[in-house]
Amino acid sequence: MGKSAFCLCYNEYMIQFSGDRKQFGEYYAVRLKANHHNFYDYTNAKTLRKQLNLYQKYYPELITERIAAAHALQQNPDFLLYEDLASFVDAQRRRINPHQHGCTIFAVRENGKVFVGRNYDWLPEARNFFEHYDFNITGANRYFAFSDESVWGRHTGRRNRKIYAEDTINEYGLYIGLTYSHIDKWNYGLAPTHFLRYIAEHCSTTRQALNVFARIPCAIPKNFLIADAKGDLAVVEHTSRDYVIIRPDANGVLIQTNHCLAPKLQPLDRVLQHSAATTSFVRAAEAKLLVQRQLPNFQFTDLWRILRASHYIYNNDTIWSLALELTSQRFNLYYDASTGQKHVKFGF
């Protein structure tokens, strides 16, 4: 693998990348090789063909990245293209790995400011793989991303070091984060994490982000909470075949956990079948109660107070939490609750 001209910096808290798409692909190749990634050596030709047609139409930049990575690795490009842009369709079709998830996102619009609080209770064993990024790709909006998915061997059955963003915040103060959905549907379309990247790179408002969902198909059911610096808040509950947009209540509060809020989608929701002991409902109720206690005059410090004071939203399985004020771009990251509060401020 030859030298690359991209800028890649590591500090104590953030991996920083600056360069073009080809260079981003080469960076991706470097991290996969360094972490002894188990590469695919097969494809499902039909799934790959359908997915490549969709990515070529809607997000060809990702094809460019993966081809550059494959060339740097001296690998058949079809294997990496299938792994990253198509295999998740086949996995969802087979309904692989339904898990009990405990993610919570809440947004508050108050006194001309926009606040977002978010935790991530995925698999606590993955905390050692949690990463956060500052991406500045040529021709796209600069953004921060947060990831731990697709990196833990016991979960995936393979050695991985992919970048799977569950949250992004871009330079315009546009936030989008996802939570797990228990709807057992699938479609040909973009991976949910690629929606986050696409919206972070191309959009500056919630309205623009919603237009993305209106025209681009999504392969896997997920819940997405979107908030922009002007106070436009929305949840997209996506079934992979359909979606519903949910708006904040009269107090300007919007909360998403892991069950369906939209009555139209509730008959499809298998949250109680996947886990009869799910905390999703109580997390949503607790978040609503704790937010209401801070109204009116909600403040930035209330975000951490809510996250830390809760019994269900934040616990020893929490890998990271975000406290964001989008209007003035005040951002805090809290991580690894099991070993005590670790806290870092970040910004553009």
Distance-only side-chain donor-acceptor flag, [X] / [Y], under 3.5 Å:
{"X": "Q208", "Y": "T206", "answer": "no"}
{"X": "Y335", "Y": "H343", "answer": "no"}
{"X": "S321", "Y": "N119", "answer": "no"}
{"X": "Y59", "Y": "E201", "answer": "yes"}
{"X": "N258", "Y": "N223", "answer": "no"}
{"X": "N53", "Y": "Y188", "answer": "no"}
{"X": "H238", "Y": "S240", "answer": "no"}

Parallel, tilted or perpendicular: which one describes the rings of [X] and [Y], with boundaries at 30° and 60°?
{"X": "F135", "Y": "Y133", "value": "parallel"}
{"X": "H132", "Y": "F146", "value": "parallel"}
{"X": "Y198", "Y": "H202", "value": "parallel"}
{"X": "H194", "Y": "Y55", "value": "perpendicular"}

Enclosure of R207 CZ (heavy-atom neighbours >12, cutoff 6.0 Å):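 Atom CZ in R207 is not crowded, with 12 or fewer foreign heavy atoms closer than 6.0 Å.
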Ion pair present between [X] and [Y], side-chain N to carboxylate O less than 4.0 angstrom?
{"X": "E61", "Y": "R66", "answer": "no"}
{"X": "D134", "Y": "R142", "answer": "yes"}
{"X": "D121", "Y": "R283", "answer": "no"}
{"X": "K185", "Y": "E237", "answer": "no"}
{"X": "R197", "Y": "E65", "answer": "yes"}

ILVMFWY network linking Y312 to L290, side-chain heavy atoms under 4.5 angstrom: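 No, Y312 does not connect to L290 through the hydrophobic network.
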Co-membership, hydrophobic cluster, residues V114 and F348, 4.5 Å side-chain: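 Same cluster.
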Within 45° cone of W186 ring axis and under 6.0 Å: R94 NZ or CZ: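 No; the conditions do not both hold, so R94 does not lie above the ring face of W186.
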Option passing side-chain contact (heavy atoms from CB on, under 4.5 Å) with Y175 (candidates L233, L225, D228):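 Among the candidates, only L225 passes.
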